[in-house]
Structures are given as C-alpha cells and as structure tokens.
Amino acid sequence: MEFSLLADAVKSKSYDKIAGIYDELMLQYSAQGIAFQDEWPYAIHLLGHLYNNDINSARFLWKTIPAAIKEGRPELVAVWKIGQKLWTRDYAGVHEALREYEWSPEVQDIVLSFSDLYTKRMFDLLVSAYSTISLQDTALFLGMNVGDATNYVLGQGWSLDPASQMLTVKKQAIVKEQKLDASKLQRLTEYVFHLEH
C-alpha cells in the first residue's frame with residue numbers, strides 16, 4: 001500500500017490531515033477492488049477523525065470495520081473507547097481512556113498530540129461556559145489532578161478564592177482580524193478627496 005502522503009503528514013506532525021488522506025486512499029482502494037481491510041491501520045485512521053473532532057466520521061468508520069479486525073486489535077478498541085467517551089460527552093472519561101492503554105510507538109505521538117489538543121478544547125469550553133467554577137470540576141474537565149489544574153489555569157490568568165476553592169475565569173480577549181478590501185479603500189479615498197474639494 002502507498003502511504004507516503006501519510007508518512008509525510010505524520011513526520012511533519014500534521015495530524016489534522018491524517019483522516020482526509022486515509023479517507024481518500026480507502027476510496028481509491030475500494031474503487032479499484034483492492035482488498036485492504038486486513039492490513040489497514042484503522043487505529044491511526046480513527047484517531048485522525050477524533051483529532052479533527054469529527055465524531056460522526058469516526059462512528060461511520062468504526063461501523064465499517066470488520067468484526068474480526070475489531071476483535072484482533074485491542075489498540076483499535078482502545079481508540080474507539082475514546083470515541084465513545086467523546087460521543088457521550090464524558091469529558092473526564094476521555095482523559096481516562098487516553099491514559100489507561102499502553103499505546104504502541106506508531107500511535108503514541110498522535111495520542112499525545114490529541115491529548116494536548118483535547119485539554120486545550122476543554123479549557124476553551126470552560127472559558128466560554130463559566131465565569132466561576134470549582135477546582136474539582138476544573139480538574140475533571142482538564143483531566144488533571146487538582147494541583148496541576150490549578151497551576152494550569154492560574155497560568156492562564158484565572159484567579160482563585162482560597163476560602164471557597166472557586167476559580168474565577170478570565171475571559172480571553174477576542175481578536176478580530178480586519179481585512180481591508182482594496183475597493184473599500186478606493187471608495188474611502190474618493191470620499192475624502194470629494195470632501196476636501
């Protein structure tokens with residue numbers, strides 16, 4: 001099988017491209033009638049969809065994997081457990097599923113990168129949903145112990161009330177990039193010119 005595009009994506013840590021590359025290859029092999037199921041790296045393919053937060057595509061892929069392959073690859077089942085936790089919005093369960101399996105070297109970097117990305121997603125969710133939150137809930141969402149979670153959010157500008165053990169969320173400033181269209185600039189120039197004369 002030709003996986004050079006995938007190897008390039010993994011080497012450059014462009015994990016967001018993995019699912020698209022595998023989807024395209026799967027379509028090509030299926031269209032050509034090539035039997036690929038037995039040697040297909042389903043765990044990495046599934047992780048690619050989870051990395052992109054595309055749970056529906058991950059579920060569809062899981063349903064198309066032959067039962068014999070699911071039974072013979074425990075790492076694939078471990079990846080799907082992450083997908084199940086994401087599907088049910090079991091935020092703490094995602095972190096548990098990431099930690100409880102001994103990942104192979106082929107997927108370990110992708111799993112670690114996904115774990116970091118998922119922690120960032122959860123942090124962004126907390127910022128958008130809460131103005132205050134308990135230390136315990138914060139640790140649960142971020143998949144950390146209370147001490148690590150406290151250090152993490154305090155480093156992001158949050159504040160802690162030691163008496164109530166509640167954190168005050170610091171809202172992130174929304175930065176909007178303004179794009180100046182050349183035609184708008186031209187109209188503005190003409191308008192100013194008209195006012196001056």
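Note that the numbering runs from 1 along the sequence shown for the chain.
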Spell out, as yes or no, whether a donor-acceptor pair under 3.5 Å connects the side chain of [X] to the backbone of [Y].
| X | Y | result |
| --- | --- | --- |
| Asn52 | Asp54 | no |
| Lys85 | Ala92 | no |
| Trp103 | Leu98 | yes |
| Ser128 | Leu125 | yes |
| Ser134 | Asp137 | yes |
| Ser113 | Asp109 | no |

Side chains of [X] and [Y]: does their closest heavy-atom pair fall under 4.5 Å?
| X | Y | value |
| --- | --- | --- |
| Ile133 | Val169 | yes |
| Tyr42 | Tyr22 | no |
| Ile18 | Leu47 | no |
| Leu167 | Thr132 | no |
| Asp161 | Thr168 | no |
| Val107 | Tyr101 | no |
| Gln37 | Ile69 | yes |
| Trp40 | Tyr29 | yes |

Approximate separation, where rounding is to 0.5 Å, of [X] [atom1] and [Y] [atom2]:
| X | Y | atom1 | atom2 | value |
| --- | --- | --- | --- | --- |
| Ile110 | Leu50 | CD1 | CG | 11.0 Å |
| Ser57 | Trp62 | OG | CH2 | 16.0 Å |
| Arg121 | Leu86 | CZ | CG | 8.0 Å |
| Phe114 | Tyr51 | CZ | OH | 9.5 Å |

Are [Y] and [X] connected in a single hydrophobic cluster, I mean Ile/Leu/Val/Met/Phe/Trp/Tyr linked by side-chain heavy atoms less than 4.5 Å apart?
| X | Y | value |
| --- | --- | --- |
| Met122 | Leu112 | no |
| Leu140 | Ile82 | no |
| Leu117 | Tyr91 | yes |

Legend entry - Lys120/Asp124 ion pair, N-O < 4.0 Å: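 Looking at Lys120 and Asp124, the cut-off is met.
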
Inset, instruction - Test side-chain contact (heavy atoms from CB on, under 4.5 Å) on Trp158 and Leu126 and set out the steps. - result: CA-CA 11 Å; Trp158 293 20; Leu126 294 178; 3.9 Å; yes

Legend entry - Which residues share a side chain to side chain contact (heavy atoms under 4.5 Å, CB included) with Val146, sequence neighbours left out: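 Listed in chain order: Leu135, Ala139, Thr150.
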
What pair of heavy atoms forms the shortest contact from [X] to [Y], and how long is it?
| X | Y | answer |
| --- | --- | --- |
| Ala149 | Leu142 | CB-CD1, 4.4 Å |
| Met26 | Leu61 | CE-CD1, 3.9 Å |
| Ala19 | His45 | O-NE2, 3.9 Å |

Legend entry - Pair Asp23, His49: side-chain N/O donor-acceptor within cut-off below 3.5 Å: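 The criterion, which ignores hydrogens and geometry beyond distance, is satisfied for His49 and Asp23.
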
Inset, instruction - Determine whether the aromatic ring centres of Phe141 and His95 lie less than 6.0 Å apart. - result: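 Phe141 vs His95: aromatic centres not under 6.0 Å.
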
Inset, instruction - Please identify each residue that fulfils ring pair (Phe, Tyr, Trp, His ring centres under 6.0 Å) with Tyr152, with sequence neighbours left out. - result: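 Counting only residues at least two positions away or on another chain, Tyr152 forms a ring pair (Phe, Tyr, Trp, His ring centres under 6.0 Å) with Phe123.
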
Legend entry - Pairs flagged by side-chain hydrogen bond (donor to acceptor under 3.5 Å, both in side chains) wherever residues 67-81 is involved - sequence neighbours left out: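 Non-adjacent pairs meeting side-chain hydrogen bond (donor to acceptor under 3.5 Å, both in side chains): Glu75-Ser104, Lys81-Glu100.
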
Inset, instruction - Show your reasoning for whether side-chain contact (heavy atoms from CB on, under 4.5 Å) applies to Phe36 and Leu25. - result: CA-CA 10 Å; Phe36 61 88; Leu25 285 172; over 6 Å; no

